[in-house]
A.B. asks: 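I have a structure here, written as structure tokens, and I will follow up with some questions on it.
In what follows, chains are A, B, ... by sequence order, proteins preceding strands, each numbered from 1.
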Amino acid sequence: MELLAKKVKLIRPKQEGYWHRLGIKLKKYLPIMAFIVPAAFMAVLFGYIPLIFLLAAFKTNFNLSIYTPFQALFSPNWSFVQFTKIFGENADEFFLALKNTLVINGIKLVLIFPIPIIIAIMLSEVKNATLAKLFLIILCLPNFLSWPTVIGIWQNFFRQSDGVINSIFGTNIGWLTSDNGPNGISLFRFFVISFDAWKGCGWNSIMFYTAIVSIDKSYYEAAELDGANKFQQTLRLTLPSIFPTIALMFIMNITYILSCGFDEINLLANLDPNWKLYETTLDYYLYNQALAENADFSYATALGLFNSTVSLTFMLVGNSFCKKFLHRGLW
Amino acid sequence: MKNTKYLRIFSLATMIGTALTSCGGGIGDFEPDLNVDVTKHDDITLSVYLPSFGCSNEKVSNGVLSRALQETTTYKVNFNQLSESAADTEINSLLSMKEKVDVLKCAPTVFNNYVTDGYFTNLTELVKKYGDTPVDEKGTKFVDLFTKEQWEACTYDGKIYAIPEYGHTAMCNSTLAWNRDHLKTVGIEKIPETLSEFDAAVRALQSHFGAINNSYHAFGFTGNIAQDNPISPAFNVPMQWYEDNEGKLQSMLNSKEMENYLRYMNDLKRNEVIVSDWVGLTEVNAIDSFVKENCSVFVSSYWNIKSLRSALVASYKSFPSSVVSKSDKEAYVHGGKERTALKEDALVSWRIGLRGDGSHSSADQSKAMFRDNRTVGYFITVPVATAKRSAYSMDWMIRKNTEEATKMMVAGKEGVHFDYTTEDDPDAIKLLTETPTYVKKYDAFDEDISGMSQFQTGVYCDVARQWWPIAEAGFDAWPVLILDEQGKEDLSRVIGNPFAMHPVIQSYSKYDLKAQNYVITKVQSVINSRDNDTFDSRLSSARSEYKTKYYDKFEKDINSWYRSSK
């Protein structure tokens with residue numbers, strides 16, 4: 001055997017050059033690689049090249065107007081002052097925004113995340129496939145409305161004067177204000193979460209619905225023969241079967257833990273001064289720093305970089321957690 | 001391995017090359033080219049951005065005035081309106097993305113915010129070169145159209161960065177528009193002129209109509225006028241700044257008058273005279289509410305009276321049974337067949353100004369007061385992206401500021417929009433000229449000139465002031481000029497701002513926009529307080545937060561300038 005191994009080693013062909021191997025691979029996979037080219041080009045152009053502007057976070061000032069982008073980026077004013085501002089000079093505003101963001105997203109993860117799963121399970125139980133699809137389309141429709149339209153629709157329902165809710169119940173409640181809500185309660189977070197749920201749950205349920213319909217029907221037949229009722233089938237069969245999808249979506253949601261979406265918060269916060277002052281979230285704060293009042297690109301970039309780093313950490317931790325305890329993960 | 005290294009170097013070089021190409025932009029040289037021959041501008045089309053004033057884009061870009069301006073100045077200009085709701089964001093984007101904007105008209109807060117960071121072109125040399133251009137037959141120089149203080153307001157670090165746009169006339173932009181029928185229903189025949197009359201009227205209206213209609217709130221108050229409306233002058237609320245006992249500048253938030261005003265508005269709010277979600281409402285919402293009879297009085301701008309009347313004719317539900325046809329409805333809304341100025345029996349009625357009479361801790365005034373708008377209201381700037389060709393922008397501005405161009409922008413064309421007439425003419429409008437001059441206007445005036453104040457400002461102030469009566473008096477709203485018995489401007493009735501005109505102070509510039517937004521938001525929040533304790537704590541926290549967040553940062557600098565300027 002040793003002799004044979006030596007012989008094999010001896011007759012192993014000489015290692016080819018890099019270009020030769022590349023040529024062979026290109027020849028072999030060219031038609032497939034051609035599909036990647038446009039996407040890769042776009043990803044590099046719009047995804048990776050702009051990353052160079054992260055350097056703006058490490059400048060004392062980054063002024064695009066009076067310099068060219070590269071003059072501004074490589075001018076000798078390097079510092080960490082923008083990061084120290086986050087936790088120093090602007091700490092109050094930043095931590096208020098962070099707290100609000102975490103609270104809203106935390107509630108969304110606990111209360112809203114399961115709703116698309118429940119919708120998907122309910123839809124999968126509709127025996128008439130056409131009817132199930134029709135329900136799904138109806139539930140998905142709000143997703144195609146822009147946030148200004150969504151807020152406008154609900155404002156018509158909830159505004160105090162001439163609002164639908166007040167007109168129906170003969171009440172005079174300022175639902176959309178911080179001071180005159182029912183019993184003086186501010187409903188900002190309730191509206192943010194419920195409008196988001198109304199808009200997105202139907203759409204988000206598609207992923208779970210397709211996962212459920214792809215489960216082999218013979219499993220259900222077997223479960224039925226074993227005497228499992230609908231609830232037991234759902235609990236013991238459906239949910240475990242779609243668990244990879246649930247885990248994937250959960251990790252994706254955790255990744256966006258520091259983002260509540262800007263449009264919805266901005267439109268709602270503008271309805272009440274206290275919402276504008278005290279219900280600010282990180283996206284809204286970032287917008288104000290970069291575009292509205294400040295035009296402070298360096299600080300906004302530092303803030304964005306911080307958010308991305310934290311999000312990435314959350315994603316990695318979430319993924320590790322899922323892999324360790326649930327044996328499922330993104331990779 | 002060697003080949004891999006080359007491939008990596010090649011990839012890196014491609015990445016950097018692509019990055020450089022995609023970032024674009026030439027090497028920064030943002031000084032004006034003084035050697036440009038501005039007389040040869042046939043190939044030049046200037047891009048001008050103006051704040052939105054509610055006119056259609058078509059009227060602004062291709063209307064009579066823009067065409068006439070092209071004729072007068074001989075420049076081709078693309079006029080663009082900034083977004084009404086998000087002007088700050090749009091300006092930010094225009095400036096930082098180096099859009100080719102030749103002329104940008106911006107508010108003082110915006111100018112202050114950007115000038116210290118170098119977003120605007122240094123116009124000093126251009127002003128020196130072209131400033132002596134005569135703008136009238138007497139040979140008045142362009143630079144002399146503005147006072148030293150006005151030029152100072154445009155100066156930062158000894159350099160001029162803008163042409164001032166001066167509010168040339170003491171005038172009142174808005175007033176309380178009432179539903180006359182509603183007032184009569186609660187037994188009030190006279191349009192309220194004092195604060196106590198106003199107070200009695202809105203409470204009576206709320207009590208009567210609020211019992212019938214759940215959606216009714218007598219006063220259609222809106223968020224954008226929380227501090228600047230016809231009620232605040234009745235309390236002598238300062239305009240942004242006032243001088244305290246120690247001779248220091250203080251924010252209006254700290255004044256006793258502001259507290260009295262806020263307390264009164266809070267009381268109205270708590271008594272449901274004001275709708276609870278007023279902060280998010282605009283004047284358009286208030287008009288809608290007025291037409292639907294969900295309110296009986298609201299603060300109307302003079303340029304919105306026309307649309308208010310049209311909306312009432314189209315949609316008002318409570319016309320008397322005898323009023324059926326459109327012409328009858330128009331007559332009822334206007335108070336007569338002639339659709340001109342206010343008539344006593346008109347459905348929609350008003351009185352200019354609301355006089356404080358000591359009630360509800362208001363000021364004791366002999367005549368109604370108004371907030372002063374005779375200041376640098378806007379700054380005409382040239383963003384650095386077009387610095388090279390800023391000589392053309394300057395030349396255009398000078399041509400726009402001549403006597404001839406100003407007269408055209410304010411009054412239109414003689415024979416088309418107005419004509420000279422005599423005192424005996426019932427339609428005669430007296431101009432504010434030294435020698436009595438009377439004009440009458442034609443229907444084309446309302447169509448072409450009304451509401452186009454984008455073009456009427458930034459002009460030869462003396463000429464604009466003289467001709468302003470034709471622009472405002474009796475066209476379809478009210479006489480908005482603040483005049484005394486002799487028909488002259490009555491400056492004793494305006495509430496001034498001691499810090500209205502000041503040079504750019506760097507520490508203040510950084511916070512001006514944020515601080516003003518903060519004050520407005522806090523004022524709204526205080527008015528919304530649900531009880532006295534909340535009111536006190538919110539006002540107190542607003543004042544202390546304003547001090548630590550903003551005032552302490554620029555207090556020394558602004559007061560040092562203020563002391564030296566006195």
A.B. asks: Does A:Gln160 offer a backbone N or O that forms a donor-acceptor pair with the side chain of B:Asp277 under 3.5 Å?
C.D. replies: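 Indeed, once roles are kept as given, a pair shorter than 3.5 Å links the two residues.
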
A.B. asks: How about CZ on A:Phe157, more than 12 heavy atoms from neighbouring residues, nucleotides or ligands closer than 6.0 Å, or not?
C.D. replies: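 Count not over threshold, so no.
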
A.B. asks: Of the listed residues (B:Val279, B:Val523, B:Thr534), which shares the most heavy-atom pairs with chain A below a 4.5 Å separation?
C.D. replies: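 Highest number of heavy-atom pairs under 4.5 Å: B:Val279.
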
A.B. asks: Pick one of side chain, backbone, both or neither for A:Gln155, based on which atoms fall under 4.5 Å of a heavy atom in chain B.
C.D. replies: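 Neither part, no heavy atoms under 4.5 Å.
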
A.B. asks: Might you confirm whether atom OH of A:Tyr29 has over 12 heavy atoms from other residues, nucleotides or ligands at distances under 6.0 Å?
C.D. replies: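 Check fails, neighbour count at 12 or below.
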
A.B. asks: Most heavy-atom pairs under 4.5 angstrom with chain B, which of A:Asp92, A:Leu271, A:Asn61, A:Asn166?
C.D. replies: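 Max contact count across the listed options: A:Leu271.
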
A.B. asks: Quick one: closest heavy-atom pair of B:Asn214 and A:Asn172, and the distance?
C.D. replies: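 Scanning both residues, the minimum pair turns out to be O-OD1, 3.5 Å.
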
A.B. asks: Around atom CZ of A:Phe190, are there more than 12 heavy atoms from other residues, nucleotides or ligands closer than 6.0 Å?
C.D. replies: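 No, because the 6.0 Å sphere around CZ of A:Phe190 holds 12 heavy atoms or fewer from other groups.
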
A.B. asks: Using a 3.5 Å distance criterion without hydrogens, assess whether the side chain of B:Thr521 forms a donor-acceptor pair with backbone atoms of A:Pro273.
C.D. replies: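 No, the answer is negative, given that no donor and acceptor are paired below the 3.5 Å cut-off.
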
A.B. asks: Let me see the working for A:Asn288 and B:Lys514 under side chain to side chain contact (heavy atoms under 4.5 Å, CB included), right down to the final yes or no.
C.D. replies: CA-CA 10 Å; A:Asn288 271 331; B:Lys514 280 194 284 185; over 6 Å; no

A.B. asks: Which residue out of A:Asp296, A:Asn270, A:Thr171 racks up the most heavy-atom pairs below 4.5 Å with chain B?
C.D. replies: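 So the answer, after comparing A:Asp296, A:Asn270, A:Thr171, is A:Thr171.
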
A.B. asks: Side chain from CB out, backbone as N, CA, C, O: work out which of these in A:Phe62 comes under 4.5 Å of a heavy atom of chain B, or both, or neither.
C.D. replies: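 Contact with chain B involves no heavy atom of A:Phe62 at all.
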
A.B. asks: Of the backbone (N, CA, C, O) and the side chain (C-beta and beyond), which part of B:Lys549 lies under 4.5 Å from a heavy atom of chain A, both, or neither?
C.D. replies: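 Side chain only.
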
A.B. asks: Report the C-alpha separation of B:Asn528 and A:Asp272 in whole Å, then their side-chain angles, then the decisive distance to 0.1 Å, and conclude whether the side chain to side chain contact (heavy atoms under 4.5 Å, CB included) test is met.
C.D. replies: CA-CA 9 Å; B:Asn528 269 355; A:Asp272 187 274; 3.7 Å; yes

A.B. asks: May I ask you to name which of B:Asn294, B:Asn213, B:Ile527, B:Leu281 has the most heavy-atom pairs under 4.5 Å with chain A?
C.D. replies: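 Of B:Asn294, B:Asn213, B:Ile527, B:Leu281, B:Asn294 has the most heavy-atom pairs under 4.5 Å with chain A.
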
A.B. asks: Please give me the minimum heavy-atom distance between B:Ser215 and A:Ser161, naming the atom from each residue.
C.D. replies: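 Reported closest heavy-atom pair: O-OG, 2.7 Å.
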
A.B. asks: Please assess B:Tyr518 against A:Leu277 for the test side chain to side chain contact (heavy atoms under 4.5 Å, CB included), listing each intermediate value before the final yes or no.
C.D. replies: CA-CA 9 Å; B:Tyr518 178 84; A:Leu277 285 168; 4.3 Å; yes

A.B. asks: Measuring heavy-atom distances to chain A, does B:Asp117 have an atom under 4.5 Å in its side chain, in its backbone, in both, or in neither?
C.D. replies: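 The answer is both parts of B:Asp117.
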
A.B. asks: With chain A as the partner, which of B:Val110, B:Leu513, B:Val275 has the greatest number of non-hydrogen pairs under 4.5 Å?
C.D. replies: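 Ranked by contacts with chain A, first place is B:Val275.
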
A.B. asks: Does some side-chain heavy atom of B:Arg538 sit less than 4.5 Å from a side-chain heavy atom of A:Asn274?
C.D. replies: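 Yes. Closest side-chain heavy atoms under 4.5 Å.
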
